[in-house]
**Student:** 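Before we start, here is the structure in question, set down as structure tokens.
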Amino acid sequence: MIVKYGGNAMKSLDLRRAVAAEIAALRAEQTVVVVHGGGPVIERELAARGIPSEFRAGLRVTTPEAMDVVEMALCQLNKQLSQDVGHAVGLMGRDSDLLRAEVFDPALGRVGRVTGVNADVLRALIGAGLTPVVGCVAVGPDGDALNVNADTAAGAVAGALNEGIVFLTDVDGVYRTYPDPESRAAHLTRAEVEGGIADGWIAGGMIPKVRAALDALDRGAPFAVIASGMHAGALSAAARGEAGTRITP
Ligand SMILES: Nc1ncnc2c1ncn2[C@@H]1O[C@H](COP(=O)(O)OP(=O)(O)O)[C@@H](O)[C@H]1O
Ligand SMILES: CC(=O)N[C@@H](CCC(=O)OP(=O)(O)O)C(=O)O
């Protein structure tokens with residue numbers, strides 16, 4: 001299974017360690033590949049350098065200067081997470097062409113769209129009993145770094161490995177009336193997702209997440225769930241289909 005682990009569910013060290021422990025526990029039952037972002041860490045490092053952040057439809061406009069900071073911040077986080085998870089190898093998308101990408105839209109700068117995943121490297125690590133922990137910086141056609149939204153990167157990895165995916169975040173799933181957790185949808189079809197984006201009840205950072213879930217299914221993932229990483233046991237409940245929002249074709 002692929003676990004996408006992102007910014008909001010890693011805001012404190014305690015939370016990060018709790019999720020890492022859940023990932024380590026899940027590994028006793030199944031193979032796990034972690035793909036991570038780190039929005040809040042990137043945000044902090046950019047702010048410390050006086051570099052402003054602008055998002056369009058959930059994607060960070062990334063200048064070459066911002067790209068350097070994104071890569072530095074995510075590389076450090078990658079090592080911390082792989083240490084937290086244990087028996088893991090931390091890799092960035094630039095290692096062994098793990099994530100290949102092209103420029104998504106020149107107006108967004110160095111933002112990438114994934115064009116290929118080196119699944120053989122992941123299979124080799126898994127075969128050696130190690131958990132891959134993948135940071136979402138890809139290699140572009142010119143060999144330079146491209147900033148890929150971590151949900152998008154994780155969806156592409158799930159598709160390439162034909163494995164299910166759980167996107168961990170700071171909400172219990174997709175809410176029909178955000179922010180009311182009682183309105184969580186247990187299932188959403190592609191048509192409902194597209195309708196939700198068009199009608200505006202799926203917004204902001206949830207847009208790349210639901211699109212990545214659909215993309216993962218299109219690329220061959222058997223299931224895609226969006227669930228909370230904020231409570232103990234949430235990951236295994238989501239893996240069993242007892243929590244979160246399951247996106248279906
Ligand atoms: N319909 C919705 N249901 C739940 N969350 C939503 C919805 N629409 C927008 N959101 C927002 O999406 C956020 C999750 O996306 P994001 O902040 O990018 O998460 P992460 O950093 O975990 O990847 C939620 O915290 C919430 O603010
Ligand atoms: C292009 C783009 O938006 N890239 C993201 C990559 C990190 C990410 O996605 O982190 P979370 O999963 O924590 O949100 C960014 O720069 O924030």
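FYI, side chains are in, hydrogens and waters are out, and symmetry mates aren't considered; it's all heavy atoms of this structure. All ligand and atom numbering here is 1-based and tracks the order in the structure.
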**Student:** List every atom of ligand 2 that sits less than 4.0 Å from any heavy atom of Ala150, numbering the atoms from 1 in the order shown and giving each element.
**Tutor:**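 That gives atoms 8 (C), 9 (O), 12 (O) of ligand 2.
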**Student:** Please list the nearest protein heavy atom to atom 16 (O) of ligand 2 with its residue and the distance rounded to 0.1 Å.
**Tutor:**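 Protein heavy atom at minimum distance: Arg60 NE, 2.7 Å.
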**Student:** Below 4.0 Å from ligand 2: does a non-hydrogen atom of Asp151 turn up there or not?
**Tutor:** no
**Student:** Considering Tyr178, Tyr5, Phe55, Tyr175, which one's heavy-atom position lies nearest to atom 6 (C) of ligand 1?
**Tutor:** Tyr178
**Student:** Does the side chain of Arg110 come within less than 4.5 Å of Asn147's, by heavy atoms?
**Tutor:** no
**Student:** At a non-hydrogen distance cut-off of under 4.0 Å, which region of His36 contacts ligand 1 (side chain, backbone, both, or neither)?
**Tutor:**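 For His36, no heavy atom sits under 4.0 Å from ligand 1.
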**Student:** For Met10 and ligand 2, answer yes if some heavy atom of the residue is under 4.0 Å from a ligand atom, otherwise no.
**Tutor:**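 The answer is no, since Met10 has no heavy atom less than 4.0 Å from ligand 2.
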**Student:** Just need the protein heavy atom nearest to atom 6 (C) of ligand 2, so name the residue and atom and give the distance.
**Tutor:** Asn147 OD1, 3.4 Å
**Student:** So if I count the atoms of ligand 2 from 1 in the order they appear, which ones are less than 4.0 Å from some heavy atom of Gly6?
**Tutor:** 12 (O), 13 (O)
**Student:** Which other residues belong to the hydrophobic cluster containing Leu59, where Ile, Leu, Val, Met, Phe, Trp and Tyr are joined when side-chain heavy atoms lie under 4.5 Å apart, directly or via other members?
**Tutor:** Val61, Phe104, Leu108, Val111
**Student:** Ligand 1 versus Lys209, non-hydrogen atoms closer than 4.0 Å: side chain, backbone, both, neither?
**Tutor:** side chain
**Student:** Tell me which part of Cys136 gets within contact of ligand 2: side chain, backbone, both or neither, using heavy atoms under 4.0 Å.
**Tutor:**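 Under 4.0 Å from ligand 2, Cys136 contributes side-chain atoms alone.
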**Student:** Any idea which atoms of ligand 2 are less than 4.0 Å away from a heavy-atom of Asn149?
**Tutor:**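 Atoms satisfying the 4.0 Å criterion: 1 (C), 2 (C), 4 (N), 9 (O).
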**Student:** Check whether any side-chain heavy atom of Tyr175 lies under 4.5 Å from a side-chain heavy atom of Asp180, and answer yes or no.
**Tutor:**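 Side-chain contact under 4.5 Å: no.
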**Student:** Clusters formed by hydrophobic residues whose side-chain heavy atoms approach within less than 4.5 Å: which one holds Met230, and what are its other members?
**Tutor:** Leu15
**Student:** Return the residue, atom name and 0.1 Å-rounded distance of the protein heavy atom closest to atom 10 (O) of ligand 2.
**Tutor:**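 In this structure, atom 10 (O) of ligand 2 has Gly38 N, 3.0 Å as its nearest protein heavy atom.
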**Student:** Could you establish whether Gly173 and ligand 1 come within less than 4.0 Å of each other, counting only heavy atoms on the residue side?
**Tutor:** yes
**Student:** Starting from atom 13 (O) of ligand 2, what is the nearest protein heavy atom, named by residue and atom, and what distance separates them?
**Tutor:** Gly7 N, 2.5 Å
**Student:** With no hydrogens and no angle check, do the side chains of Arg60 and Ser53 hold a donor and an acceptor under 3.5 Å apart?
**Tutor:**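 Distance-only check passes for Arg60 and Ser53.
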**Student:** Judged by non-hydrogen atoms, does Arg184 sit under 4.0 Å from ligand 1?
**Tutor:**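 Arg184 does not count as a contact of ligand 1 under the 4.0 Å cut-off.
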**Student:** Does Ile42 approach ligand 2 within less than 4.0 angstrom via side chain, backbone, both or neither, non-hydrogen atoms only?
**Tutor:**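 Just the side chain.
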**Student:** Applying side chain to side chain contact (heavy atoms under 4.5 Å, CB included) to Val3 and Glu22, what does each step give before you reach the verdict?
**Tutor:** CA-CA 11 Å; Val3 178; Glu22 283 209 48; over 6 Å; no
**Student:** For ligand 1, find out whether one of its N or O atoms is nearer than 3.5 Å to an N or O atom of Asp151.
**Tutor:**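 By distance alone, the answer is no.
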**Student:** Report, in ascending order of atom number, the atoms of ligand 2 lying under 4.0 Å from any heavy atom of Gly39.
**Tutor:**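 It comes down to these atoms of ligand 2: 10 (O), 11 (P), 13 (O).
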**Student:** Heavy atom of Ala203 under 4.0 Å from ligand 1?
**Tutor:** yes
**Student:** For Val171, is at least one N or O under 3.5 Å away from an N or O on ligand 1?
**Tutor:**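 For ligand 1, there is no N or O atom that lies under 3.5 Å from one belonging to Val171.
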**Student:** Enumerate the atoms of ligand 2 whose separation from the nearest heavy atom of Leu59 is less than 4.0 angstrom.
**Tutor:**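 Listed by number with element, the hits are 3 (O).
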**Student:** Do any nitrogen or oxygen atoms of Lys4 lie less than 3.5 angstrom from nitrogen or oxygen atoms of ligand 2?
**Tutor:** yes
